[in-house]
*Asks:* 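Sharing a structure, written as structure tokens. Questions coming.
In what follows, every heavy atom counts, from backbone to side chain, and hydrogens, waters and symmetry copies are set aside.
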Amino acid sequence: VILPGPVDGRPRRRGLFGLFRDRETVRDGEEFALRRRRHRRGIDAVLETAGIDVRGSEYLTLVTVAGFIGLGIGLASGSPVLGLLLLGAAVAIPRLWVSRAAQRRHSAFGDQLEGTLQLMASTLRAGYGLTQAVATVAEEAPSPTREEFARIVVETRIGRDLPGSLRALAERMKNEDFGWIADAMAIQQEVGGNLAEILDAVGGTIRDRNQIRRQVHALSAEGRMSAAVLIALPIGLAAMISAINPGYLDVLFDTGGGRVLLLVGVVLMTFGVIWIRRLVKIRF
């Protein structure tokens, strides 16, 4: 059934269950579904990078259920503020945990990179090709390098080119050093040369960079510890005061001026945390 449009006179078709749908509505729905699929694939990629064997849909379901449970506990106890805090914790804590797991995996991959290059160079000197060297790393390297190179082996077997898989690994692990290695391997495949010597030279450079990075990490340990203490001090002090004198901080929650001061304190604390983290985070 074709009916005239309400504004511009263009025909509109009656869709399923009597709903009117036009091209703009369909396009908006397709774009929304595409954004959802991209968001879900992004979550799947983050979980995979962190080494967590959970699908993105399962992760979202668990976080949603935990958030509703926390909100329900707060409402059941008669404290909407507690419910909102539990809801925020249910969303933030898993995200921080996944992010921390991914960072640990990235760091472990970077620390193992020197040994990975030595193993590949030794395999190449033994007379094997680059593909066999990658397969050797996938069998003998420690985790997470073993799993990542095993993925490269699988990708090459199903038709993906080896330089593309190596660059994807560098992006997935967010490792600039391995990005250089992937570029060196791609250039060597195009123009030729002794790849074992190239890997030895790059490995020496990475070894020196890692040594400097460890020195910087040790020298900045005091600053990071001071930042942790300054961040935890207000929260710990408020918890201790509440435990010693439970009604001492009620004025911050029961009065309008107290709520304003509490909000200002939270905002300033947030900016302070961001500022301190930027100060102690050294980009190398």
Side-chain angles (χ1 to χ4, degrees), residues 16-17 19 25-77 79-113 116 134-135 137-139 141-160 164-176 178-179 182 231 235 270 273-274 277 281:
L16 188 62
F17 302 116
L19 296 176
T25 305
V26 174
R27 190 183 305 114
D28 293 341
E30 291 176 351
E31 291 178 356
F32 176 74
L34 182 60
R35 286 195 298 268
R36 288 190 60 185
R37 285 195 295 269
R38 289 176 178 174
H39 180 65
R40 188 172 299 174
R41 283 198 295 266
I43 296 176
D44 289 333
V46 172
L47 293 173
E48 184 179 4
T49 303
I52 301 174
D53 190 14
V54 177
R55 295 181 179 179
S57 57
E58 297 173 348
Y59 170 80
L60 292 176
T61 301
L62 292 175
V63 171
T64 302
V65 171
F68 277 114
I69 291 176
L71 183 61
I73 292 174
L75 295 178
S77 62
S79 176
V81 177
L82 177 61
L84 293 177
L85 291 176
L86 293 176
L87 176 61
V91 175
I93 292 177
R95 182 175 181 179
L96 293 176
W97 175 61
V98 172
S99 177
R100 183 58 180 170
Q103 291 177 0
R104 287 197 301 266
R105 206 160 185 266
H106 294 165
S107 300
F109 181 84
D111 294 338
Q112 298 167 6
L113 187 56
T116 301
V134 172
V137 175
E139 294 176 358
S143 179
T145 303
R146 180 176 62 250
E147 290 84 358
E148 294 298 331
F149 273 76
R151 177 172 177 173
I152 292 178
V153 173
V154 174
E155 290 177 351
T156 54
R157 286 177 180 174
I158 62 177
R160 188 175 187 179
S165 298
L166 294 173
R167 292 192 188 95
L169 174 57
E171 294 176 359
R172 190 164 58 249
M173 288 290 105
K174 297 180 180 180
N175 193 291
E176 184 180 0
F178 193 80
I231 292 172
I235 301 175
T270 302
V273 169
I274 295 174
R277 288 179 62 88
K281 185 177 181 180

*Asks:* Measure the spacing between OG1 of T145 and CG of L113 and express it to the nearest 0.5 Å.
*Replies:*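 Here the rounded value is 7.5 Å.
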*Asks:* With a 4.5 Å cut-off on side-chain heavy atoms, are E148 and Q112 touching?
*Replies:*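 In short, these two side chains do not touch, never coming nearer than 4.5 Å.
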*Asks:* Which heavy-atom pair separates R172 from H106 by the least distance, and what is that distance?
*Replies:* O-NE2, 3.4 Å
*Asks:* Distance from R105 atom CZ to K174 atom NZ, nearest 0.5 Å?
*Replies:* 13.0 Å
*Asks:* What closest approach, in Å, do I152 and S165 show between heavy atoms, and which atom pair accounts for it?
*Replies:*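 Closest approach of I152 to S165: CG2-CB, 3.9 Å.
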*Asks:* Can you list everything that forms a salt bridge (Lys or Arg N to Asp or Glu O under 4.0 Å) with R100? Sequence neighbours excluded, please.
*Replies:*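 For R100, no residue satisfies salt bridge (Lys or Arg N to Asp or Glu O under 4.0 Å) once neighbours in sequence are set aside.
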*Asks:* Salt bridge (charged side-chain N to carboxylate O under 4.0 Å, His left out), that's the test. Do E171 and R167 meet it? Break it down for me.
*Replies:* CA-CA 6 Å; E171 294 176 359; R167 292 192 188 95; over 6 Å; no
*Asks:* Would you find a donor on one side and an acceptor on the other, under 3.5 Å apart, between the side chain of S99 and the backbone of R95?
*Replies:* no
*Asks:* Could you pull out the closest heavy-atom pair between A150 and A138, with the gap in Å?
*Replies:* N-CB, 3.5 Å
*Asks:* Would you say the side chain of T116 lies within less than 4.5 Å of the side chain of F149, judging by non-hydrogen atoms?
*Replies:* yes
*Asks:* Which donor-acceptor pairs under 3.5 Å do the side chains of residues 60-74 make with protein atoms, sequence neighbours left out?
*Replies:*
unit_1 : atom_1 : unit_2 : atom_2 : d
T61    : OG1    : S57    : O      : 2.8
T64    : OG1    : L60    : O      : 2.7

*Asks:* Is it true that R151 and E155 have a side-chain N and a carboxylate O under 4.0 angstrom from each other?
*Replies:*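 Here R151 pairs with E155 in a salt bridge, since their nearest N and O are under 4.0 Å apart.
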*Asks:* Looking at L166 and A182, what are the two nearest heavy atoms and their distance?
*Replies:* CB-CB, 3.8 Å
*Asks:* Would you name the heavy atoms of R146 and A141 that are closest together and state the gap between them?
*Replies:* NH1-O, 3.0 Å
